[in-house]
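Read the numbers this way: they start at 1 and go in the same order the structure lists the ligands and their atoms. Positions are given from 1 along the sequence.
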Amino acid sequence: MPLVSGKLLLEKAHEFGFAIGAFNFNNMEFLKAILEAAEEEEAPVFVQTTESAIRYAGIEFLSGMVHAVKDKYSIPFALHLDHGKHVETVLLAIRHGYTSVMIDCSDRPYEENLEVTRKVVSLCAPLGIAVEAELGRLGGVEDNVESLEEVLVDPDQAKEFALRTGIDALAPAIGTAHGAFKFKGEAKLDFERLRKVKELTNLPLVLHGASGVYYEYVNEINTYGGDIKGAKGVPDDDVRKAVELGINKVNTDTDLRLAFIATLRRLMSEERKNVDPRKFLKPAMEEVKEMVKRRIRLYGSSGRASLF
Ligand code: G3H
Ligand code: 13P
Ligand code: ZN
């Protein structure tokens with residue numbers, strides 16, 4: 001059971017109360033690392049590409065790789081469009097065999113977000129393709145310009161949005177941010193808000209900006225010429241708590257990037273005579289694979305392939 005609809009993955013995770021890892025890729029090395037890790041963990045998984053990944057590699061390469069290898073793996077997995085901002089990108093993804101999409105109009109006025117999302121659901125539902133949408137804004141508060149109340153999801157609005165759009169999954173903003181610099185001080189997620197959104201929508205929920213930004217990788221990058229001092233992520237305990245409260249898909253990109261870059265930086269500094277890129281890329285790919293396994297275990301999806 002290899003490439004399946006995102007609907008199937010989301011429904012099972014919602015029913016059994018665990019979360020499925022959704023990992024970003026832009027190239028062969030990340031895709032292979034993710035699928036091999038999921039296969040070894042016997043875990044369902046989402047492999048996902050953003051619009052900027054599509055601009056970087058071309059959708060033919062990204063979807064082509066997935067479709068070329070899909071029968072090599074026995075775990076169920078979905079090919080997902082992450083943060084699709086335009087209906088045109090959703091149509092492109094549909095034409096290239098994506099089985100799940102996110103339409104992210106969370107930066108537009110509520111009614112516009114709702115209308116575009118409804119349109120995407122009307123295009124995807126007849127094809128059995130899952131639709132995820134976002135409410136509230138990720139990235140937190142910038143120096144008191146906005147209050148948290150203004151940028152985090154409103155649970156009552158989430159209920160109305162779910163009913164009026166017919167989405168399969170909702171990404172509620174509860175205080176996380178994308179990238180390696182998530183919090184200025186202590187990590188702070190609004191768990192009570194998450195609990196309310198789950199209760200009122202009874203939908204599969206998605207946590208974005210969930211990377212742990214582990215110290216060992218930050219340190220390795222800083223040691224070998226990088227400069228990401230002050231990088232900070234979501235503690236593992238907070239991710240576990242979010243899953244307990246109803247998160248069913250956890251998006252992770254930064255942790256994979258950090259594992260890859262830390263390894264590349266160290267090896268390029270240590271092996272100064274090497275000019276064969278594969279001697280750098282292979283160990284970096286292995287490190288990404290280990291990170292994916294670590295995250296899959298954290299989300300509680302190891303061994304869950306047997307549910308499908
Ligand atoms: O939104 C998720 C990503 O971590 C950002 O990805 O650099 O491919 O746009 P991107
Ligand atoms: P991180 O930057 O925390 O890995 O979040 C990735 C994400 O949410 C992709 O949609
Ligand atoms: Zn995201």
* Would the number of heavy atoms belonging to other residues, nucleotides or ligands and lying under 6.0 Å from CZ of Phe183 be above 12? ->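 Yes, CZ of Phe183 has more than 12 neighbouring heavy atoms, counting only those of other groups under 6.0 Å.
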* Please list all pairs passing the ring pair (Phe, Tyr, Trp, His ring centres under 6.0 Å) test where one or both residues lie in residues 232-254, with sequence neighbours left out. =>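 Sorted pair list comes back empty.
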* To do: Measure centre to centre between the rings of Phe260 and Phe30, then say whether the value is under 6.0 Å.
  =>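 Ring-ring flag for Phe260/Phe30: true, centres closer than 6.0 Å.
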* Check: His83 ring centre within less than 6.0 Å of His208 ring centre ->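 Yes, they do, as the ring centres are separated by less than 6.0 Å.
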Check for me whether [X] meets the cation-pi criterion with [Y], that is, NZ or CZ under 6.0 Å from the six-membered ring centre and within 45 degrees of the ring axis.
X	Y	answer
Lys232	Phe181	no
Arg295	Phe23	no
Arg294	Tyr214	yes

* **Close residues, ligand 2: non-hydrogen atom nearer than 4.0 Å** =>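 For ligand 2, the contacting residues are Asn24, Asp82, His83, His178, Gly179, Lys182, His208, Gly209, Ala210, Ser211, Asn251, Thr252, Asp253, Thr254.
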* Number of protein N, O or S atoms [distance to the Zn ion (ligand 3) under 2.8 Å] ->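 If we list every protein N, O or S atom nearer than 2.8 Å to the Zn ion (ligand 3), we get 3.
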* Asked: With a 3.5 Å cut-off and no angle check, do the side chains of His14 and Lys198 form a donor-acceptor pair?
  ->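 Side-chain D/A pair, His14 to Lys198: present.
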* **Residue from Leu307, Ile20, Ile296, Ile75 passing side chain to side chain contact (heavy atoms under 4.5 Å, CB included) with Pro44** =>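 Of the listed options, the one satisfying the test is Ile20.
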* Asked: Which pair of non-hydrogen atoms, one from Glu287 and one from Tyr217, has the smallest distance, and what is that distance?
  ->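 Result for this residue pair: OE2-OH, 2.8 Å.
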* Near ligand 1, which residues have a heavy atom under 4.0 Å away from one of its atoms? ->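 Those residues closer than 4.0 Å to ligand 1 by some heavy atom are Thr50, Ser52, Asp82, His83, His178, Asp253, Arg257.
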